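Before any comments, here is the structure.
Here is how names work: the chains are called A, B, and so on, in the same order as the sequence lines, proteins then strands, and each is numbered from 1. Predicted, not measured: the structure shown is a model, and the values here were computed from it.
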Amino acid sequence: MAKALPKRSENYSEWYNEIVKRADLAENSAVRGCMVIKPYGFAIWEKMQRALDDMFKATGHQNAYFPLFVPKSFLEKEEEHAEGFAKECAVVTHYRLKANPDGKGLVVDPNAKLEEELIIRPTSETVIWNAYKGWIQSWRDLPLLINQWCNVVRWEMRTRIFLRTAEFLWQEGHTAHATEQEAVDETHQMLGIYAEFAEGWMAMPVVQGVKSESERFAGAIETFCIEAIMQDGKALQAGTSHFLGQNFAKSFDVQFVNKENQLEYAWATSWGVSTRLMGALIMAHSDDNGLVLPPKLAPIQVVIVPIYRSPEDLATISEKIRPLLHELKAKGISVKYDDNDNQRSGWKFAEYELRGVPVRLGIGMRDLDSRAVEVARRDLLSKESRPINFESPEEFAVGINILLDEIQENLYQRALKFREENTFLVNTWDEFKEQIEKGGFLMAHWDGTAETEEAIKNETKATIRCLPLLSAEMAGKCVYSGKDSPKRVVFARAY
RNA sequence: CGGGGCGUAGCACAGCCUGGUAGUGCGCACGGUUUGGGACCGUGAGGCCGCAAGUUCGAAUCUUGCCGCCCCGACCA
């Protein structure tokens, strides 16, 4: 028997790493800080992409593709942006290798030095706004609503699979608008889409809010985010949407003629989510038996495991469930019939549990006789026997569809309850220091200064996750300095 | 970059202290018995013991250097 997973309560990060490995989602590669996303993990990412992409398209965005390389001079143009990213850039300096004159292998050819270094994009504002200069002349060219799916590289000192890797996959939307209001509206719209995706598809409740100045994206006027709570009480930033003002338009000289025939700089937004969402998904729902996937993102929603002794029995079961398979597929359910003879049923039960398949159907000879199917749900780890007409299983399939919806809803409600139970109103500095050690979201007053924010971070490792958009405005006194505060903000330790 | 740890079969590790035939478990291959919650027995394949130099009759084991990885910090729009 294979070893049990480490328990969440005993070693959360080891539990996380083991799930990623054992559920066959991804593995660390030979390349420092970079992961290999395996087929099962990538299938989940593809489902995320599909759902998000549909939402982007439905709100008028189009996909495009821009270069991997950013000339250093581009990155330099927006000062804050450059400063923010400078410390984590991979830089291409040469374009050729040659045989090592001193022996074996290859060396960089010193004669092949690039005139200008190329940065492997950590984000694409600069390349994209450089291109936009040629695309935008008139107010009629706006808004420009573009998204790209790609990889980016940020040379982080310490990496964690899915949560912070040197290279990661993401989408980055970059829009240009004729008015400030339109750009602000876009920023909010995309934040709303992220929240809708997180809650509706990932079954993960999020707090929508705005970042404090020190947590703001380099080069942005305002950064909005969705913040989720993980099962260990730490926060995870799950998506960001930035209002960039005219900063990049000015840096890249993107001007248009407005309706009054005056030259004006374009207004910008950018927004992104990444493969970090995979980490969020794992940590939001999974348990000590392995991954738990919400049905809407599960590559396999229903697995059917035949239970048999002889090859004849297997053939009988396979034949008998054919209408059921057909009916489930017709309902748009992604179903796998695992008739692999190399593993026993008990092994399969454990394996699909580890992989988070929402619903498992067990069918053996005695079920055929009694016209029943064992239905197991992953979220509750419960089993029940459900009647079925094997010849015309429509009714049964409808029931499975309803069950998938129930599981999706249950996961969301469970995660929401967890967040509520781990969100605390904190009024004194002593309470704050005590609670932060236990984890969770701390709703506390803050005087709005970077000094206080910094001091709290240094003393407790807690950061301001966001100033929530939806909150009853209640003035109070800063939990640290005692100065006036207009409303509570969310503090937490974060990934 | 600072602190700690580790490199031995595909994976996880023992052996090293005290130098002398390279081992265990999982996995893999084949055969058989099994099969309603990770089966069992038998047989077998698989190793530059991270790399290099040194000590020695002899090095996985001792010494030195190098390389790589992991964990804890610093860093993290």
Side-chain angles (χ1 to χ4, degrees), chain A residues 1-5 11 13-14 17-18 21-22 27-34 75 78-89 104 121-126 152-161 163-166 168 170 172 211-225 236-237 239-242 244 247 270-272 274 276 289-290 305-314 317 340-355 360-370 372-374 376 381-383 385 457-458 461 463 493-495:
Chain A
M1 193 172 93
K3 249 190 348 207
L5 277 173
N11 190 338
S13 59
E14 199 189 326
N17 287 333
E18 279 297 310
K21 204 186 298 175
R22 307 255 292 263
E27 61 189 27
N28 283 315
S29 73
V31 185
R32 195 207 80 106
C34 298
L75 203 66
E78 214 291 337
E79 212 173 322
E80 281 189 22
H81 187 70
E83 202 189 311
F85 283 103
K87 286 172 291 183
E88 50 188 35
C89 287
K104 57 187 175 177
R121 63 181 165 214
T123 180
S124 302
E125 276 78 4
T126 56
V152 289
V153 167
R154 296 180 187 179
W155 212 263
E156 303 286 356
M157 291 185 184
R158 273 188 68 193
T159 59
R160 281 198 75 187
I161 202 154
L163 298 174
R164 180 174 292 109
T165 45
F168 55 92
W170 77 344
E172 46 179 329
K211 285 290 187 191
S212 64
E213 191 181 342
S214 60
E215 297 276 331
R216 191 179 289 158
F217 176 76
I221 305 291
E222 202 84 273
T223 287
F224 296 86
C225 62
L236 184 74
Q237 176 179 299
T240 47
S241 182
H242 315 291
L244 303 174
N247 292 350
S270 70
W271 27 275
S274 72
R276 170 181 264 198
N289 292 315
V305 178
I307 299 152
Y308 60 94
R309 297 212 164 108
S310 65
E312 293 74 31
D313 287 356
L314 176 59
I317 295 169
N340 182 348
D341 194 37
N342 294 327
Q343 302 294 357
R344 295 153 38 112
S345 50
W347 189 91
K348 290 175 186 174
F349 292 167
E351 183 67 11
Y352 289 110
E353 220 157 81
L354 193 54
R355 285 168 172 256
R360 187 187 73 233
L361 306 180
I363 303 178
M365 295 308 283
R366 64 161 106 123
D367 298 305
L368 296 186
D369 292 339
S370 62
V373 170
E374 183 187 80
L381 288 169
S382 63
K383 289 191 282 197
S385 186
K457 184 178 175 181
N458 290 340
K461 292 183 189 163
T463 51
R493 286 186 180 154
Y495 277 100

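Taking a pair to require two hydrogen-bonding distances under 3.5 Å in either a Watson-Crick or a G-U wobble arrangement, B/G7 pairs with B/C67. Across the strands present, B/G2 finds its partner in B/C72; the criterion is a Watson-Crick or G-U wobble pair with both atom distances under 3.5 angstrom. For B/U21, there is no paired base (Watson-Crick or G-U wobble, both distances below 3.5 Å). Nucleotide B/A14: unpaired (no Watson-Crick or G-U wobble partner with both distances less than 3.5 Å). Checking B/G27 for Watson-Crick or G-U wobble geometry (two distances, each under 3.5 Å) identifies no partner in any strand. Both distances falling under 3.5 Å, in either a Watson-Crick or a G-U wobble arrangement, occur for no nucleotide opposite B/U56. Under the Watson-Crick or G-U wobble criterion, with both distances below 3.5 Å, B/C40 is paired with B/G32.
Of the possible donor and acceptor atoms, none in the side chain of A/E156 sits under 3.5 Å from a partner among the backbone N and O of A/R164.
Residue contacts for A/A350: at a heavy-atom cut-off of 4.0 Å it reaches a base atom on one of the strands shown. A/R216 comes within 4.0 angstrom of sugar-phosphate atoms only, judged by non-hydrogen atoms across all strands, and of no base. Using a 4.0 Å heavy-atom criterion, one finds that A/K383 contacts the bases of the nucleic acid, with or without backbone contacts as well. Among the atoms of the strands shown, base atoms are found under 4.0 Å from some heavy atom of A/E353. Counting any heavy atom pair closer than 4.0 Å across all strands shown, A/R360 reaches a base atom. Here A/D367 lies in heavy-atom contact (under 4.0 Å) with a base.
Between A/R344 and B/G36 there is a side-chain N or O to OP1 or OP2 distance below 4.0 Å.
Around CD of A/E213, the count of heavy atoms belonging to other residues, nucleotides or ligands within 6.0 Å does not exceed 12.
Taking atom CG of residue A/N340 and atom P of nucleotide B/G38, one finds them 17 Å apart after rounding to whole Å. Distance A/R164 CZ to B/A74 P: 12 Å, rounded to the nearest Å. The NZ-P distance, from A/K87 to B/A74, rounds to 14 Å in whole Å. For the pair A/N458 CG and B/A74 C1', the interatomic distance rounds to 12 Å; values are reported in whole Å.
Geometrically, A/R360 engages A/F349 in a cation-pi contact, judged by NZ or CZ lying under 6.0 Å from the ring centre and within 45° of the ring axis.
Which of B/C75, B/C76, B/G38 sits closest to the side chain of A/M157 comes down to B/C75. Residue A/E351 has its side chain nearest to B/G38 when only B/C76, B/G36, B/G38 are considered.
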